[in-house]
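See below for the structure under consideration.
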There are 2 protein chains.
Amino acid sequence: MSIPLPGKQVRGSKTGKPIMALLDLIGRTWSLGLVWHLREGPATFRELQHRCEKISPTLLNTRLKELKALNIISIAEGGYQLTVQGQSLIEIILPLGQWSIQWANELQEKTDELN
Amino acid sequence: MSIPLPGKQVRGSKTGKPIMALLDLIGRTWSLGLVWHLREGPATFRELQHRCEKISPTLLNTRLKELKALNIISIAEGGYQLTVQGQSLIEIILPLGQWSIQWANELQEKTDELN
DNA sequence: TCTGCTTGCTACAAATAATGTAGCATTGGG
DNA sequence: CCCAATGCTACATTATTTGTAGCAAGCAGA
């Protein structure tokens, strides 16, 4: 799969509108999960495999390359880490943690109602 | 692919931590894109195909079912639309629009520097 | 009622992407 | 020199996505 560069054709947009490039990126297996896990701090390749619980090294490497190319993560001593841009992205996304908990609760209630 | 129900095993978490269920969902092709497009208002099946520019009806239907089951969208007269929860999700995600524009600019600058 | 259209969706084969396992090259002790 | 750990590639298997065709149902007009 080619890297979803804004300005180039991406999934969902012939003209590569930035938001569509981003949604294309995010819509790839593990890509946001990786960013999410890097929130805890820099990590080596094997550490990332561990944080993700289960991800093939093949795909991990593919995603790392994409995210690097798109300037969301970088590699340094200590391992992979979020760039400044990556951090600003994670800040937007952070509330999803809380949201998901509430969502899980309401789904639970809904299921309970049916019993 | 089974629906990523919080509490069940999902990609990235054996115990189905809500955030992992959510990231699993979001990491599926088109799923966030669909939500994004519904932001503009309710849409019929064919209208959604149109908004997405290019999505196979097979997948569209699959995603719609998932999102319905997870209570993020619902169907009514006028077509598919965001539920209250779907709306609160979109509100979190809305800033991505702005973020992506800035991101695209900075990527552009980076590329320019190399020339 | 007989078209002729639109809509929502399914079928299914072909193309692409993700997984899992094995393992190799490199680095850093001891 | 030997051992262990790390980063990563190879590659076959399996799963997901796409693309095209087309059908059943509903509706409007003649």
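Just the heavy atoms: all of them, side chains too, but no hydrogens, waters or symmetry mates, feed the values below. Sequence lines set the chain letters: A, B, ... in the order given, protein chains first and strands last, and positions in each chain run from 1.
Across the protein-nucleic acid pair, A:E77 atom CD and C:dG28 atom P stand 11 Å apart, rounded to whole Å. For the pair A:L60 CG and C:dA18 P, the computed distance is 13 Å after rounding to whole Å. If you measure from atom CG of B:L64 to atom C1' of C:dC9, you get 11 Å, rounded to the nearest angstrom. In this structure, NZ of B:K68 is placed 11 Å from C1' of C:dG8, rounded to the nearest angstrom. Summarising the geometry, the separation between CD on B:E47 and P on C:dT6 is reported as 15 Å, rounded to the nearest angstrom. Rounded to an integer number of Å, the gap from B:Q49 CD to C:dC9 P is 10 Å.
Each side chain to side chain donor-acceptor pair (under 3.5 Å) pair with one or both residues in residues 13-27 of chain B, not counting sequence neighbours, appears once here: B:R11-B:D24, B:S13-B:T15, B:D24-B:R28.
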Original post:
Reading nucleotides 10-23 of chain D from the 5' end, what letters show protein touch, with B for base, S for backbone sugar-phosphate only, - for no heavy atom under 4.0 Å?
Top reply: BB----SSBBB---
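For B:T83 (side chain) and B:S74 (main-chain N/O), no donor-acceptor pair under 3.5 Å exists by modelled atom type. Looking at A:S100, its side chain never comes within 3.5 Å of a backbone N or O of B:L22 through a donor-acceptor pair.
When the side chain to side chain contact (heavy atoms under 4.5 Å, CB included) test is applied to B:N105, the partners found at least two apart in sequence or on another chain are B:I101.
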**OP:** Carefully, step by step, assess B:I93 and A:I93 under the rule side chain to side chain contact (heavy atoms under 4.5 Å, CB included).
**Re:** CA-CA 7 Å; B:I93 281 170; A:I93 283 170; over 6 Å; no
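For B:N61, no side-chain nitrogen or oxygen approaches OP1 or OP2 of C:dG8 to under 4.0 Å. Of the side-chain N and O atoms in A:Y80, one or more sit less than 4.0 angstrom from OP1 or OP2 of D:dC8.
A salt bridge does not link B:K110 to B:E106: none of the charged side-chain nitrogens sits closer than 4.0 Å to a carboxylate oxygen.
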